[in-house]
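All values below come from the heavy atoms of this structure, side chains included, with hydrogens, waters and symmetry mates left out. Lettering of chains follows the sequences in order, A, B, ..., and the numbering in each one begins at 1.
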Amino acid sequence: MTATETPAAARRITTAKAMSEGIALEMRNDPNVFVMGEDVGAYGGIFGSTTDLFDEFGSERVIDTPISETGFIGAGIGAAVEGMRPVVELMFIDFYGVCMDQITNHMAKIHYESGGNVNVPMVLMSAVGGGYSDAAQHSQCLWGTFAHLPGIKVVVPSNPYDAKGLMISAIRDDNPVLYLFHKGGQGLVWMEKNPRSIAEVPEEEFTVPIGKAAVAREGRDVTIVTLSLSVQHSLDVAEQLASEGINVEVVDLRSLVPLDTETVLASVAKTGRVLVVDEDYRSFGLTGEIAAVISEHDPGMLTKPFRRLAVPDVPIPYARPLEQGVLPTRDKIAAAVRELMA
Amino acid sequence: MTATETPAAARRITTAKAMSEGIALEMRNDPNVFVMGEDVGAYGGIFGSTTDLFDEFGSERVIDTPISETGFIGAGIGAAVEGMRPVVELMFIDFYGVCMDQITNHMAKIHYESGGNVNVPMVLMSAVGGGYSDAAQHSQCLWGTFAHLPGIKVVVPSNPYDAKGLMISAIRDDNPVLYLFHKGGQGLVWMEKNPRSIAEVPEEEFTVPIGKAAVAREGRDVTIVTLSLSVQHSLDVAEQLASEGINVEVVDLRSLVPLDTETVLASVAKTGRVLVVDEDYRSFGLTGEIAAVISEHDPGMLTKPFRRLAVPDVPIPYARPLEQGVLPTRDKIAAAVRELMA
Amino acid sequence: MNELNRLDLYKQMVRIRQYEARILQEYHADKSPAWDIGAGLIPGEMHLSAGQEPAAVGVCAHLKKGDAITAPHRPHHFALAHGVDMNAMTAEIYGRLTGLSHGKGGHMHLFDPDNHFSCSGIIAQGYPVACGQAMAFKRQGTDHVAIAVAGEGAANQGAFHESLNLAALWNLPVVFVIEDNDWAISVPRSHSTANTSNADRALGYGMPGVRVEDNDVEAVFEAAGAAIARARNGDGPSLLEIHTLRLWGHFEGDAQAYRGADLDTVNDRDPIPRYAATLTELGDLTEDDVATIAAAADAEVDAAIEFATSSPEPTAADALDHVFA
Amino acid sequence: MNELNRLDLYKQMVRIRQYEARILQEYHADKSPAWDIGAGLIPGEMHLSAGQEPAAVGVCAHLKKGDAITAPHRPHHFALAHGVDMNAMTAEIYGRLTGLSHGKGGHMHLFDPDNHFSCSGIIAQGYPVACGQAMAFKRQGTDHVAIAVAGEGAANQGAFHESLNLAALWNLPVVFVIEDNDWAISVPRSHSTANTSNADRALGYGMPGVRVEDNDVEAVFEAAGAAIARARNGDGPSLLEIHTLRLWGHFEGDAQAYRGADLDTVNDRDPIPRYAATLTELGDLTEDDVATIAAAADAEVDAAIEFATSSPEPTAADALDHVFA
Ligand SMILES: Cc1ncc(C[n+]2csc(CCOP(=O)(O)OP(=O)(O)O)c2C)c(N)n1
Ligand SMILES: Cc1ncc(C[n+]2csc(CCOP(=O)(O)OP(=O)(O)O)c2C)c(N)n1
Ligand SMILES: [Mg+2]
Ligand SMILES: [Mg+2]
């Protein structure tokens, strides 16, 4: 055997690196792509989403901004309207309140309000999630908030492969795409590491379609519908429960808008039992939407009452026992599945 | 019979007047109550919510603000923290995006973040809803957005009596209360009038409890769960369908946070058929929450699939046929009920 | 004065005024006896620009194809002065399929990508968008400029501040235009703004700021010319505050009871007869010209209304299109 | 200089520094070998104020019980200088039941209603809240003042602008303090701010603005005294920008690779040894005093850490309390 016939050692990278690699590929492909946000330059993004981009593309295409989210997200919109394809970072999704008007009344609505004549091909990426004691203003997921509002695609990768493929799809999409990445799933050296945050990812370009859920693990007893870091936790729990003879199917939504209701319904049709695991707030959000999708299709599909595990309707507290008390941890996921099986 | 024995002609007032009457009573009771917002002074509030207050209380207690929603809502919070009880108006709920951080990260969270040591006794009132061609940035309801976020009570009156009673309750509440009133239900002379927007309301103080739904009409065949102006429409439809032999129960939620799940479940237990009518966007909102409440209680309660009628996930369009096409009109409510009964 | 063509300025102002006057009439025509905001052929809010023509006309006289404008809730004068097609704009206001947005947008959401014109009903939020258009123009190596328009009330909104800082920091080809018509709905400038000239605020960003007093179209023309040339030459943004006049209510139906004595002199301050008098004095305009110009404008407006009212309406099903590209 | 007590200023600065130094040590102690943000007795983000003591100490020297402060994500120096109880604050940072918020808030959410002290992790959003506190003080007929603190990065946020306008318009007893430490995380002031002094921005609101250079506690004391007196006397708000120093990383764990040469001179610019030298020269301080003062501070800090670490932790069920009053 010659050396070239030996498969190269599989290349494993973190989710953070996968994101920035997706951006870099599109920046090389298309001069209209540029990156803008706080600390996206030399720093590489507080959560690593722009790692190495500044070195390759320089300050003209990887632009550090003032702390003016309304200003620079609005500027992203204006640039997109004129044919650029900006990738803009909002450092934490928790900060949406200082710039929500640009996001929801402009980024999301211009295409519709213009009767389809103006496109806003822009990616807004933002870090979500808790688990490291960053308290009430820096730990939220809030994807339910954005999925409720029309005009924005919302994608939420759970692993390095999807992170890269969804990023490339998002940049190429002619619509505004909100790309939400979980800090705890980035594979950062300075956070608790989940082995699923580092994985094999092809070096070349590839896309993951927006609007298509993935069955992350097949099973026949109970369906967990979930997304983002909770997919990693749910897979851990599924492995653990397999030894108890409980066969869990894990559906990774990957995208909330559009929502792949077919994959959800097919899984629930098979198992008859559903648990929605959501790190966002419990009420008026994702868990309810899944309940509606099922029960407007056929409430009789459910052989057991609908179950949801989400952040109870409280702000995220700081102290570890408090925060762990409200997050959908592996223990709580396992307990909820066991109850569904009882 | 003497004149005093003749019952006075029942006093009928508009929802707008009922709101401002509630505020006036509390302003007379409590010097800490004051009103602040754009055009709440001499103008009396764009939708009449502060009618006559300026004349009675003057510019020191009824304060016109600059167009600085973050500034003056934040100022309301600061004043509330120091023991005042501000009633602040955000002219249209659609403008939340320029001040959402103060609302959700401050007004809503300070009490919790302080471990219960700081109260924010403040009312934030805002106009919602469409139906008069005010297009995508001035016609939304968005109550689902706020109900999703912990720390704010959310009340939504549908008639003059509740408007006054909930206003007084909201001002007296030690928590932040978001008070959402539908423009089309205010009884304004310059909008399409629904006779239910003018009604008998006692002159004196009274309260309507926050967190308690009302069965606005009893029925046994089908439950309409709804709120705000859609209650008026649903009652109209219920009257119309009664002649077809369909007996509709209408549940007026009145408050989304806290949500009175008991009243909803009791009604659905009785009818087995539910239609949620919601002028907010369809997905990831109120309709889903009601589905979840029912199906986590017992999906078997539903003898027919869950039904929802809401704004499909599109921005509100301008032209009348387009807007009427997306709003939950009487015709669409009636059609949905008939289908549920088929 | 550079390239000044007084008659063109006058004609454009008259054209805009005749348009607004006609919309005023049509708006109310089928809302009698009482104003019902949702009724009639033109439903919804209606913010007309009568009295503010000097701002739009003086600024837009310096713009060329490819330059951008973001306008606020009161957009007609800038739209017309910037070359937005009157027919398509009118059809949009009437909610017709032939409208700029096929009836989806309405009068606060006029989008004409061909002329890089847009507007928004949210106060001051066009400012950041204009910065982004200017970023694109610069990156694309063009000499185009973006004009961001808002009222004096809007200058107290956070987006104003963030945009001025960004534009100055990044040396963007933007001109920020503030139309100071003394009122933000019922709130007078003195109750909204801590200082008397927003030109002073420009200094806080190291940016030139000019305030044009007296609603004088030629003064606007001159000041805007300098600011736009500066932006086009790559020398960065400026702020231009124009003291103008809200001749009518904030929106149609506004009784303006709050306005007090200010209302008594409003007609005396109308900039159009005043400019006509100036031009007549200069010998640039005769009484016949005045009539001819008005008639031409009326004819164009008539045609636009005719175009709009004879155009088909959208149907409910159309509402579901164009959420995503 | 009015009421100036140099030794008090020095002691307070040392007290804060010893506190921050100890938190730094404790924060990292159980996060080795590598920094894991969520691990250890003090988890989460940690923004320490070393180098910025002159700002807090110079300002707070003029405050009395009942005056309010809203601080940002970097709050410890202002909290301590304003009289927030060190034990309860430390217990909060350790997430204990005895903490200011029983562990719900954490280091960016210190609430001490008794001292009218609060903070927020969202940039510039304490500014409007301080305006509201000032409104209340005025309405209640007191002479209390509200101090709104934020960094130079925050001065480009919309809330800054809206607050300054409101405060000036309504003549509120607020002093806006900007701590200019040259950096907003990795972004230098030159890349965030179009002009060199935020004092200039104050002019745009008709408000006095002062910039204090060189991180000099006595200069801060003087300027703050004037601004606070002005507010207390009913003469309205002011802006005070203090050029200060971020001695350490933006948050702990920040390697500061972006900081370049600025980092080389950082220790030379430490305001505490510098002020010690000044006082020594003036004969106000001996070497013994330096040691005694440091020891007293250490003892207080030790006790606070001991109080915190020996306090009980909350349990999961506690998380559900205090959503509503
Ligand atoms: C963020 C926001 N706040 C409030 C409003 C409601 N509103 C519409 S126009 C207006 C007054 C605007 O005044 P100004 O900026 O001076 O413009 P003018 O109407 O005088 O042209 C207000 C308060 C809005 N559209 N957006
Ligand atoms: C609205 C908002 N945007 C961004 C952040 C993230 N962030 C936290 S601190 C910081 C830098 C603040 O810089 P500055 O105001 O100068 O204060 P310093 O940290 O230097 O004390 C940023 C960008 C935030 N907390 N809130
Ligand atoms: Mg105005
Ligand atoms: Mg700083």
Side-chain angles (χ1 to χ4, degrees), chain B residues 31-32 34 36 59-61 63-86 88 98-122 150-153 173-177 210-211 257-258, chain D residues 68 70 92 97 99-106 108-114 116 118-140 142 144 146 148 157-167 169-170 172 174 314 318-319 321-325:
Chain B
N32 291 315
F34 69 95
M36 177 161 62
S59 63
E60 280 297 304
R61 291 185 73 192
I63 307 170
D64 276 333
T65 62
I67 311 173
S68 305
E69 287 85 356
T70 286
F72 70 77
I73 293 176
I77 295 167
V81 158
E82 295 298 341
M84 311 296 293
R85 300 187 93 85
V88 182
V98 304
C99 52
M100 189 61 164
D101 187 73
Q102 285 296 337
I103 298 173
T104 187
N105 273 332
H106 295 86
M107 189 180 85
K109 290 182 186 164
I110 284 175
H111 182 70
Y112 188 83
E113 287 174 341
S114 74
N117 290 324
V118 178
N119 286 352
V120 186
M122 161 170 174
I152 317 170
K153 295 190 179 177
D173 203 296
D174 283 334
N175 297 288
V177 179
I210 295 177
V257 180
Chain D
T70 62
E92 186 58 30
L97 275 176
L100 287 169
S101 304
H102 318 305
K104 285 203 163 75
M108 284 191 276
H109 308 291
L110 303 172
F111 287 87
D112 176 0
D114 197 40
H116 302 258
S118 67
C119 52
S120 166
I122 309 294
I123 291 299
Q125 298 285 327
Y127 269 42
V129 174
C131 291
Q133 291 177 296
M135 279 180 84
F137 296 155
K138 205 174 156 181
R139 300 177 85 84
Q140 289 157 352
T142 73
H144 287 304
Q157 180 71 218
F160 167 90
H161 171 69
E162 296 189 10
S163 301
L164 267 71
N165 184 58
L166 268 193
L169 186 68
W170 293 344
L172 299 176
V174 193
D318 296 326
D321 297 338
H322 302 313
V323 180
F324 289 116

- [ ] Give a yes or no on whether the backbone of B:T70 and the side-chain of D:E162 come within a donor-acceptor separation of less than 3.5 Å.
- [x] yes
Task: Heavy-atom proximity to chain B below 4.5 Å, by part of D:D321 - done: backbone
Open item on the list: Heavy-atom cut-off 4.5 Å, strictly under: side chain, backbone, both or neither for B:H106 against chain D?
Closed with: side chain
Task: Heavy-atom proximity to chain D below 4.5 Å, by part of B:N117 - done: both
Open item on the list: Using heavy-atom distances under 4.5 Å, tell me whether B:K109 contacts chain D through its side chain, its backbone, both, or neither.
Closed with: neither
- [ ] Heavy-atom distances under 4.5 Å only: say whether B:V88 touches chain D with side chain, backbone, both or neither.
- [x] neither
Open item on the list: Need one label for D:I122: side chain, backbone, both or neither, based on atoms under 4.5 Å from any heavy atom in chain B.
Closed with: side chain
Task: Pairs of heavy atoms under 4.5 Å with chain D: top-ranked of B:N32, B:N105, B:D101 - done: B:D101
Open item on the list: For B:I63, which atoms come within 4.5 Å of any heavy atom of chain D: side chain, backbone, both, or neither?
Closed with: side chain
- [ ] Examine whether an atom of D:F137 lies under 4.5 Å from a heavy atom of chain B, and if so say whether it belongs to the side chain, the backbone or both; otherwise answer neither.
- [x] side chain
Open item on the list: Tell me whether B:E82 contacts the main-chain N or O of D:G132 through its side chain, where contact means a donor paired with an acceptor under 3.5 Å.
Closed with: no
Task: Sole candidate of D:Q140, D:Q133, D:M135 that passes side chain to side chain contact (heavy atoms under 4.5 Å, CB included) when paired with B:M84 - done: D:Q140
- [ ] Would you mind telling me which of B:V118, B:V120, B:N175 has the largest number of heavy-atom pairs within less than 4.5 Å of chain D?
- [x] B:N175
Open item on the list: Is D:L164 close to chain B through its backbone or its side chain, or both, or neither, when contacts mean heavy atoms under 4.5 Å?
Closed with: neither
- [ ] For D:R139 and B:E60, indicate whether the former's side chain and the latter's backbone hold a donor-acceptor pair under 3.5 Å.
- [x] yes
TODO: Give a yes or no answer on whether the side chain of B:Y112 reaches the backbone of D:A319 with a donor-acceptor pair at less than 3.5 Å.
DONE: yes
Open item on the list: Quick check on B:D174 against chain D: is it the side chain, the backbone, both or neither that has a heavy atom closer than 4.5 Å?
Closed with: both
TODO: Would you mind checking which part of D:A159 comes under 4.5 Å of any heavy atom in chain B, side chain (CB onward), backbone (N, CA, C, O), both or neither?
DONE: both
